[in-house]
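Have a look at the structure below before the remarks.
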Amino acid sequence: MGRTAIYAGTFDPLTVGHVSIVRRGLRIFDEVVIAVAQNIRKSPLFSVAERIAFIEDVFAQDLGVRAVAFDGLLVDLATDLGAAALLRGLRNGADFEYEAPMVHMNRHLAPDVETVFVCGEQNEVFVSSSLVKEVARFGGDISPFVPPQVLQPLLDRIAERS
Ligand code: COA
C-alpha cells in the first residue's frame, strides 16, 4: 500500500505556494490528499465545492492528488484515510511558530501520524490567500501568485462582491 499524506487548509483560493507544497509532497508520498476546510471563520469567497473544483483542475495531470472536503479534527480524517502524515508548508519562521503547537496537539491526538514540513519556493514566501485577495480587490496584478485556472474566476468573484 502506498503512503498517503494529507495537506489541509482553507485554500480560498489555491495559490502557487500551495501548488509547490503539494508537488514537493508528491516526491515523498505516493498520494497527497488535499483536505479543504469550510472555515466559516474566514468568510471564504468560494464554496468548498468551488475550491475543490479548482484543485481538481490544477492537478488534473498529477497522479496521486485528490481533494476532499473536511470538517472536524484533521487527525480523524488522517485515521479514516489511513494517512501516514500531515503535510505542511513552511514559508518562514512565523509559520513554524504557528505550526509547532499543532504538531504537538496532533501528535497527542494521533501518535502514529507524523507531521512533515516542506519548504516552498523562495519567491513565494510572501504569498497567502488573503494577501492575494486584498491585492486583487484594489486592482493589483496577482497573476504570478495563483494558478491560471484560478485567476479569472477570482477576479470575477471579487468584482461580483464589490
Ligand atoms: N503558500 C501559500 N500560502 C500559504 C502557504 C504556502 N505554502 N502555507 C500557508 N499559506 C497561507 C494559507 O493560504 C492561509 O492563508 P489565509 O490566512 O490568507 O487564508 C494561511 O497561510 C494559513 O494557512 P494554514 O495554516 O494552512 O491555515 P488555514 O486556515 O488555511 O487552514 C487548518 C487551517 C484547516 C489546516 C487547521 O485549522 C486545521 O487543521 N483545522 C482542523 C481542526 C483541527 O484538527 N484542529 C486541531 C489542530 S491541532
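In listed order, ligands and their atoms are each counted from 1. Just so you know, residue 1 is the first one in the sequence shown, and it goes up from there.
Using a 4.0 Å cut-off between heavy atoms, L109 makes no contact with ligand 1 at all. Residue A37 touches ligand 1 through its side chain alone, judged by heavy-atom distances below 4.0 Å.
Taking a 4.0 Å cut-off on heavy atoms, R88 registers as neighbouring ligand 1. Judged by the shortest distance from any of its heavy atoms, G72 lies inside the 4.0 Å radius around the atoms of ligand 1. Distances from ligand 1 to the non-hydrogen atoms of T15 include at least one value under 4.0 Å.
Between R66 and E56 there is no salt bridge, since no side-chain nitrogen of the basic residue lies less than 4.0 Å from a carboxylate oxygen of the acidic one. Ion pairing between R157 and E160 holds under the 4.0 Å rule for side-chain N and carboxylate O. A salt bridge links E121 to R24: at least one charged side-chain nitrogen sits closer than 4.0 Å to a carboxylate oxygen.
Nearest protein heavy-atom contact of atom 18 (O) of ligand 1 is S130 OG, 2.3 Å. Nearest protein heavy-atom contact of atom 45 (N) of ligand 1 is L73 CD2, 4.1 Å. Summary of contacts: the protein heavy atom closest to atom 2 (C) of ligand 1 is V127 O, 3.2 Å. In terms of protein heavy-atom proximity, atom 44 (O) of ligand 1 is closest to L74 N, 2.9 Å. Taking atom 28 (P) of ligand 1 as the reference point, the nearest protein heavy-atom neighbour is T10 OG1, 3.4 Å. Closest to atom 40 (N) of ligand 1, if we only count protein heavy atoms, is F70 CZ, 4.2 Å. The shortest contact between atom 36 (C) of ligand 1 and any protein heavy atom is with M102 SD, 4.6 Å. Of all protein heavy atoms, the one lying nearest to atom 6 (C) of ligand 1 is R91 CD, 3.7 Å.
Transitive grouping of hydrophobic side chains (ILVMFWY, heavy atoms separated by less than 4.5 Å) keeps L77 and F11 in distinct clusters. A single hydrophobic cluster is seen to contain both V118 and V22, as judged by linkage of ILVMFWY side chains at heavy-atom distances under 4.5 Å, directly or through other members. A single hydrophobic cluster is not seen to contain both V16 and L151; linkage of ILVMFWY side chains at heavy-atom distances under 4.5 Å, directly or through other members, places them apart. Clustering ILVMFWY residues whenever any of their side-chain heavy atoms sit less than 4.5 angstrom apart, transitively, puts L87 in the very cluster that holds V58. Note on V103 and V113: separate hydrophobic clusters, where clusters join Ile, Leu, Val, Met, Phe, Trp and Tyr whose side-chain heavy atoms are under 4.5 Å apart, directly or indirectly.
Among all heavy-atom pairs drawn from R91 and S128, the shortest one is NH1-CB, 3.6 Å. Here the closest heavy-atom approach between residue V132 and residue I142 is recorded as O-CG2, 3.4 Å. Residues H18 and P13 come closest through the heavy atom pair CE1-O, 3.8 Å. The minimum heavy-atom distance linking S129 with T15 is given by the pair OG-CG2, 3.8 Å. Across all non-hydrogen atoms, the minimal contact from I28 to V116 is CD1-CG1, 4.5 Å. A pairwise comparison of heavy atoms in K133 and L45 identifies CD-CD2, 3.7 Å as the closest pair.
Near S129, meaning under 4.0 Å from one of its heavy atoms, ligand 1 places the atoms 13 (O), 15 (O), 18 (O), 19 (O). Close contacts between ligand 1 and G17 involve ligand atoms 1 (N), 2 (C), 6 (C), 7 (N) [criterion: under 4.0 Å to a heavy atom]. Numbered from 1 in the order shown, with element, the atoms of ligand 1 that lie under 4.0 Å from a heavy atom of Y98 read 25 (O), 27 (O). Interface of N39 with ligand 1, defined as ligand atoms under 4.0 Å from a residue heavy atom, comprises 29 (O). Atoms of ligand 1 found under 4.0 Å from any heavy atom of A8, numbered from 1 in the order shown, are 26 (O), 35 (C). Ligand 1 places these atoms under 4.0 Å from at least one heavy atom of M105: 48 (S).
For atom 13 (O) of ligand 1, the choice among R24, E124, H18 with the nearest heavy atom turns out to be H18.
In terms of polar-atom proximity, defined here as any N/O pair under 3.5 Å, D95 makes no such contact with ligand 1. Residue-to-ligand polar distances keep G9 apart from ligand 1: every N/O pair is separated by 3.5 Å or more. At under 3.5 Å, a nitrogen or oxygen of K42, whether backbone or side chain, sits near a nitrogen or oxygen of ligand 1. For the pair N106 and ligand 1, the shortest N or O to N or O distance does not fall below 3.5 Å. Residue R41 has no nitrogen or oxygen atom sitting less than 3.5 Å from a nitrogen or oxygen atom of ligand 1, judged on distance alone. The shortest N or O to N or O distance between I21 and ligand 1 is not below 3.5 Å.
Proximity of atom 9 (C) of ligand 1 to the protein is indicated by at least one non-hydrogen atom lying closer than 4.0 angstrom. Counting only heavy atoms, the protein never gets under 4.0 Å from atom 38 (C) of ligand 1. At least one protein heavy atom sits closer than 4.0 Å to atom 21 (O) of ligand 1.
Among the candidates V36, V68, D57, the single residue satisfying the side-chain contact (heavy atoms from CB on, under 4.5 Å) test with I52 is V36.
Taking the ring centroids of F54 and F46, they lie under the 6.0 Å cut-off.
Not one N or O on the side chain of R51 forms a donor-acceptor pair closer than 3.5 Å with the backbone of D12.
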